[in-house]
Amino acid sequence: AAYIHKNKIAKTDQEEKQMLVKLRKEFERQKKETLNQLNQKSAGDIDFDEDGEADLFAKIFEPEFEQFWKTHGDDAMRLIGMEEISMTANVRKKIKEQANKFAEDVSKTTADKIKNHLQNGLDEGESIPELAERIKEVFAEATTSRAEMIARTEVSRAVGDSSIEAWKQSDIVEKVQWITAQDERVDEEICAPAEGEIVGLNEEFSSGSKAEPAHPNCRCDTVTIV
């Protein structure tokens, strides 16, 4: 089990890096566009296109999620001696749902942060250069800690959901077990109490989730009991 977990972490580390590169590129583009707007109109008129950005992120990242689902769905099948996950219409629908939800959440958070930062600046009577600094702050966080958390959480979600999907397709897996990552990111309240728990394939663990991640940044694991 330790070897399997190590192998999985090696793959997810690469996938997180791949996603980070794309996230940073898009956040940099958004920063540039928002700063351009700030130079052209009054701060109160800045319009971050939340819906348009969500559509764009969904389109850009759906192929990534599809790749993550295929890789880890196949791995989950091999663990039980089967070949590969079947990328059915239902699986593709789930991938699209993950891409859309991720894109909407990211876009809403960015829009809210820009709005709040600008409003605070306007309340303080700040100049355009000072407001520009606030926007840069929003995107400095977006390209570092926020991007890292998003990448880790979304890769983990793709791993967990594709594994459960593969095991459902197999018709031989009935139970799964929660294994914590045994690292500093294990949440003492959510994940630690679920260590070693066994539930039916469609049931929730005490952490409240059916598979990893149980919380942002979660690196725990669901394994099969055949």
Indicate whether any N or O donor in one side chain lies under 3.5 Å from an N or O acceptor in the other, for S207 and S209. yes

Could you go through the salt bridge (charged side-chain N to carboxylate O under 4.0 Å, His left out) check for K115 and E50 one step at a time? CA-CA 11 Å; K115 206 162 133 191; E50 191 182 323; over 6 Å; no

Hydrogens and angles aside, do R24 and T144 bring a side-chain donor and acceptor to less than 3.5 Å of each other? no

Among residues two or more places apart or on two chains, list those pairs meeting ring-ring contact (aromatic ring centres under 6.0 Å, His included) that have a residue in residues 112-153. none

Starting from the C-alpha separation in whole Å, work towards a yes-or-no answer on side chain to side chain donor-acceptor pair (under 3.5 Å) for E195 and T180. CA-CA 6 Å; E195 167 69 43; T180 57; 2.4 Å; yes

May I ask you to say whether R92 pairs ionically with E66, meaning some side-chain N is under 4.0 Å from a carboxylate O? yes

What orientation do F102 and F61 show, parallel under 30°, tilted 30 to 60°, or perpendicular over 60°? perpendicular

Report yes or no: do N36 and Q40 form a side-chain donor-acceptor pair below 3.5 Å? no

I'd like to know whether CD of E130 has more than 12 heavy-atom contacts from other residues, nucleotides or ligands below 6.0 angstrom. yes

Verify the distance criterion only: is there a donor paired with an acceptor across the side chains of W69 and Q98 at less than 3.5 Å? yes

Please list all pairs meeting ring-ring contact (aromatic ring centres under 6.0 Å, His included) that have one or both residues in residues 152-174, counting only residues at least two apart or in different chains. none

Is it the case that the side chains of E53 and S107 hold a donor-acceptor pair, with the cut-off being a distance below 3.5 Å and no angle test? no

Salt bridge flag under 4.0 Å for residues E204 and K210: no

How far apart are the closest heavy atoms of G73 and S162, and which atoms are they? N-OG, 3.6 Å

Apart from V21 itself, its cluster of hydrophobic side chains linked below 4.5 Å comprises none

